[in-house]
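What follows is a short report on a single structure.
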Amino acid sequence: MGMNNMFDLYNIRSNFPIFNQPDLPPLVFLDNASTTQKPTQVLEAVNQFYCRYNANVHRGIYKIAEQATEAYESVRDKVAEFIGTADRRNIVFTKSTTESINLVAYSWARKFLKTGDEILVTEMEHHSNLVPWQLAAQHTGATLKYIPLNKSGSLDMSSPERYFTKNTKLVAISHQSNVLGTINSVKEIIGYARDVGAKTLIDGAQFVPHSKLDVQNLDCDFYVFSGHKMMGPTGVGILYGKADMLETMDPFLGGGDMILSVTMEKAIWNDIPYKFEAGTPNIAQVIGLGAAIDFMKNMNIDSIDSQVRMLTSTAVSRLREIKGLTVLGHENGIDSTSVISFFHKDIHPHDIAHLLDTFGISVRAGHHCAQPVMDKYDLSASVRVSFYVYNTIDEIEQLISGLQKTMEYFR
Amino acid sequence: MGMNNMFDLYNIRSNFPIFNQPDLPPLVFLDNASTTQKPTQVLEAVNQFYCRYNANVHRGIYKIAEQATEAYESVRDKVAEFIGTADRRNIVFTKSTTESINLVAYSWARKFLKTGDEILVTEMEHHSNLVPWQLAAQHTGATLKYIPLNKSGSLDMSSPERYFTKNTKLVAISHQSNVLGTINSVKEIIGYARDVGAKTLIDGAQFVPHSKLDVQNLDCDFYVFSGHKMMGPTGVGILYGKADMLETMDPFLGGGDMILSVTMEKAIWNDIPYKFEAGTPNIAQVIGLGAAIDFMKNMNIDSIDSQVRMLTSTAVSRLREIKGLTVLGHENGIDSTSVISFFHKDIHPHDIAHLLDTFGISVRAGHHCAQPVMDKYDLSASVRVSFYVYNTIDEIEQLISGLQKTMEYFR
Amino acid sequence: MDNLRELYQQVILDHNKNPRNFRFMEDFTVKADGHNPLCGDKLQLFIKIDGDYISDISFMGSGCAISKASASIMTEELKGKSIADAEKLFKNFRNMITSGEITSDDIGKLEVLTGVHKYPSRVKCALLAWHTLKNILDQNDTTTTTE
Amino acid sequence: MDNLRELYQQVILDHNKNPRNFRFMEDFTVKADGHNPLCGDKLQLFIKIDGDYISDISFMGSGCAISKASASIMTEELKGKSIADAEKLFKNFRNMITSGEITSDDIGKLEVLTGVHKYPSRVKCALLAWHTLKNILDQNDTTTTTE
Ligand SMILES: Cc1ncc(COP(=O)(O)O)c(C=O)c1O
Ligand SMILES: Cc1ncc(COP(=O)(O)O)c(C=O)c1O
Ligand code: FES
Ligand code: FES
């Protein structure tokens, strides 16, 4: 184990029941960019809710309803603090990153964009940060433009004036690529956007799970991420929005809790963030997310970051030693971590993933919901491994030996 | 206990951890229309997922990803069978009833409605089945009309020709009122709608938890309900839609999993129901819903129905004996169950609910997200009690004595 | 029952039953409407101002015991007070009702409402009349400064 | 490794490495494109029909070992067969690949693919070539009947 491994790994893994099932084969889980495993603390928080104070929020005045409301709302404070804003009204709970992005696409973009306006994305986006803008563009007459990707794995920022123009109204980019692991210079990009008066949305689904985020410092208009990729339950996403942006937006879903008063003819919207949280929210999931954030804070986000970086750089080196394998991106001078995609000159990615699975190693094969990235490399698919804080150097060795056996088998 | 109580109540309650916390005061939970308690079986299913095969669905080819996909998709079959359709493509998973309704409002109503068209709702709707249509009407130029409510608690169907016209394009009504407990004659209403060529959406959030549903027999176009009101986890809703309806609709959320292929310029939609399930779904919650349905089937839905009816009619009689209290609806000849709203001539509903809480009884006070119903009765709020299968006659007696003490206190 | 006494003190029940200054006012200087969206309850507040002083104050409307008692005691406390003192009392009261702590002895009979802070859903009830008052005072401020 | 053998039998590895009839055809009667949206892989199938018989058949494209082997064995099995027999084989094969059961002995070398049914995500791989074939046959049917 590396020098900069400041974790007692045995101790961390002991918090995750899935790694400690006596009747199951050991799990080498290397698909963390897709979803992460959950520590006992998160499952406990969810169970405590269901077993001790399960009630709907915001409306009940009896004890467990007040308790549920307080627990739910306290996670809003927790998320706000975690990402660096003092204003709890900035935090809207959704079901996923995907819903967060669509909320902005419907309630902001469809309201404010028009023919001639431009939405700027990148060629590196997950479909969730691409398709909603295609739909919004179609609907409003706006045009979708994109910053191209270099084969080295970073965005081509050689001539920003080509992409950031007076027509650019929204810049929607990922903080980190879910295929290449590249971390984009979002601060610089937000600066370009501000210079031309464009609003910004940052997709942090891959970044937040292992890196310190400070939205105030970034000064983006919107920031989105998912709970399930940072040890939280499935079914909860976050939308951060500047208060003045959220104020000007139309509501997204109509229903209970998002209105102040309703007659048969019309409704008056509730204040932000409640205006955007219609219906019974994902209460248990939000509470679970709170426990995940506590867990991350206890571990210390910088330690998570360096552990994941250590694993990533080790794996990149080891993978590059294998003949016939090509690793995408991760070139010198590019900030990248946690996610590594590669392909073999002769063996199809799905066959590799399948064989690794028979050795007990879970990796992803496919386009990773980012077909334009695959197109860039003229691939239909790649193999992807992605790390989280509970992974170990030993698991990387198992991966390498699994790959060697696979190549042997297919020789 | 009544003759028609075919339950071993002790046994049923023993499945619900929240009723068996030695260090907490006993919980008399009478706010089941808001959300229900969860049996161990549901919590176990969720925990088993997180502890044994937590992975994202639809994309992974490794073992636990296949297992997760199979578990998630098998609930689709289960729901289909449970509500009476043979076609799994009819079942879309959402986060709530509210999202299900909004999905139809965005993807169907906003696409197909235009000025002059009419959306028909009722004066009895939950805000979730009202506000989305107000928004859709505003957006398309369509007009919102409504079937009025009689003070007796039922819809005024005396002259249907006034509401169902050649302009009526959509009829969106609740199967059961969440304030009055009234079950509407939806089959008749769907018939009227069909006669004028209108599509139909039935909000079954209150109905499905305790009654047998057969969508094929109803022949509605859409049917929506929530998992958390039928012992399932928070964060999962269901949209049933006829296949030809779902086919013609635009997608709702754009993102991963809802497309077949994407270039920077355009996307090709996936087949139904996947076209409507963008992003990482609420996997654990759907799996929990599956366990809730199993639990209901084991109990037998008809037994649940008669138990809830027995509790309701007992409570209505007992409440009507109290001087100064008025029960809304539940008149002779009106089919009603599970939910009872009432008010006291001198004591504010919130004070009643608060005092009952100090006696350990959880009831709801307010407008129950159905202000038009309150307006009808010239009330700003009512007290609402609502039963589920684990409630007991003894709890009704505690409610009655709590009310008596409250009146004493406020005399 | 002990929990109960904590919130619904005898004084509160009394004000609920017999609210003071619960009447329309014809010759008010300013009036404002208050609305608690959580429950739908509404309140109307009337104030007659003489120079810098509140010479008369009354209210009407529907509401729970907490909101009625809070409004009733408020009118009792404010009658004859200066506008500056009313502002001060608003701050002290809001502070007490959200924290449960009494940081100033200038709180008068309002002390009976201390228990409310334990019930977040009822804090808005206790504040309804006060927020309506605040609206009036801010209005009046504006009028004063623009005169 | 035992699990492994179940799916990736030696025959499959061989067909993957040396796919039979893996070539363009110039003088085809019909051709069709297949696409597996799950992975993005694409396949092109060419058929030359003489009367009711498949006189030549070939394929091109990218794909995993399962899809390639499945396509390769399919072409071997179909060459020289009648269209009716091809239809029958399609049904038998689809049945085997989804259920894992061989209900007809008319399945030939395709038996090596039985293991696939245990892996739902790979069933589409094995069916890619066959679905493309089915498209062609249905096309051809139409042509036949409208003549
Ligand atoms: C009749 C009815 N419709 C819709 C809803 C909204 O359900 P959810 O909050 O789960 O979206 C409710 C819940 O109270 C309801 O009772
Ligand atoms: C960069 C990025 N954006 C968006 C998403 C979508 O997240 P979710 O599926 O939780 O909505 C993902 C998940 O894979 C992602 O990696
Ligand atoms: S409940 Fe309405 S003001 Fe108290
Ligand atoms: S993985 Fe593409 S066809 Fe098998």
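Small disclaimer: the values here were computed from a predicted structure and weren't measured. Chain A is the first sequence line, chain B the second, and so forth, proteins listed ahead of strands; every chain is numbered from 1.
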Given that the side chain runs from C-beta out, which part of B:D250 has a heavy atom under 4.5 Å from chain A: side chain, backbone, both or neither?
neither

Checking heavy atoms, do the side chain of A:L24, its backbone, both or neither come under 4.5 Å from chain B?
side chain

What residue, out of A:Q285, A:K38, A:E265, A:Q138, has the most heavy-atom pairs lying under 4.5 Å from chain B?
A:Q285

Which residues pass the side-chain contact (heavy atoms from CB on, under 4.5 Å) test with A:A284, not counting sequence neighbours?
A:V46, A:F49, A:Y50, B:T234

For A:L253, is it the side chain, the backbone, both, or neither that has a heavy atom closer than 4.5 Å to a heavy atom of chain B?
both

For B:L130, which atoms come within 4.5 Å of any heavy atom of chain A: side chain, backbone, both, or neither?
side chain

If you round to the nearest 0.5 Å, how far is CD of A:E99 from CD of B:E99?
5.5 Å

Can you tell me which portion of A:S261 sits under 4.5 Å from chain B's heavy atoms? Options are side chain, backbone, both or neither.
both

Contact winner vs chain A - B:I361, B:T98, B:D357, B:T280, heavy-atom pairs under 4.5 Å:
B:D357

Is it the side chain or the backbone of B:T40 that comes within 4.5 Å of chain A heavy atoms, both, or neither?
neither

Under a 4.5 Å cutoff for heavy-atom pairs, which residue among B:N282, B:V262, B:V42, B:L27 has the most contacts with chain A?
B:V262

Pairs involving residues 25-35 of chain A, ordered by first then second residue, that meet side-chain hydrogen bond (donor to acceptor under 3.5 Å, both in side chains) (sequence neighbours left out):
A:D31-A:R364, A:D31-A:R384, A:D31-B:Y62, A:N32-A:Y390, A:N32-A:N391, A:S34-A:R364, A:S34-B:N56, A:T35-A:H228

Distance from A:K95 atom NZ to B:T94 atom OG1, nearest 0.5 Å?
6.0 Å

Contact leader toward chain B among A:H367, A:K266, A:M258, A:H368, where contacts are heavy-atom pairs under 4.5 Å
A:K266

Heavy atoms only, distances under 4.5 angstrom: which of A:G279, A:G256, A:P17, A:C369 has the most pairs with chain B? Name it, please.
A:G256

Go through the atoms of A:Q134 and report whether side chain, backbone, both or neither lie under 4.5 Å from a heavy atom of chain B.
side chain

Where the side chain of A:Y106 meets the backbone of B:F252, is there a donor-acceptor pair that is under 3.5 Å apart?
yes

Okay, B:T122 and chain A: the region with an atom under 4.5 Å from a heavy atom over there is backbone

Please identify, among B:Q37, B:H354, B:K229, the residue contributing the most non-hydrogen atom pairs under 4.5 Å to chain A.
B:Q37

Ranking B:I18, B:V236, B:I259 by heavy-atom pairs under 4.5 Å to chain A gives rank one to B:I18

Which portion of B:Y53 sits near chain A, non-hydrogen atoms under 4.5 angstrom
backbone

Please answer whether the main-chain N or O of B:R52 pairs with a side-chain N or O of A:Q21 as donor and acceptor at a distance below 3.5 Å.
no

Rounded at 0.5 Å granularity, tell me how far OG in A:S362 sits from CD1 in B:I64.
5.0 Å

Quick one: CD on B:E125 to CE on A:M264, what's the gap to the nearest 0.5 Å?
7.5 Å

Between A:L356, A:L135, A:D375, which residue shows the highest count of heavy-atom pairs closer than 4.5 Å to chain B?
A:L135

Note: vs chain A, highest number of non-hydrogen pairs under 4.5 angstrom among B:G366, B:P233, B:P281 is B:P233

Taking side chain as everything from C-beta outward and backbone as N, CA, C, O, which of these in B:F19 sits under 4.5 Å from a heavy atom of chain A? Side chain, backbone, both or neither.
neither

Residue B:S96 versus chain A: region with a heavy atom under 4.5 Å:
side chain

Heavy-atom proximity to chain A below 4.5 Å, by part of B:V363:
backbone

Comparing A:N54, A:V131, A:N129, A:D257 against chain B, the one with the most heavy-atom pairs below 4.5 Å turns out to be A:N54

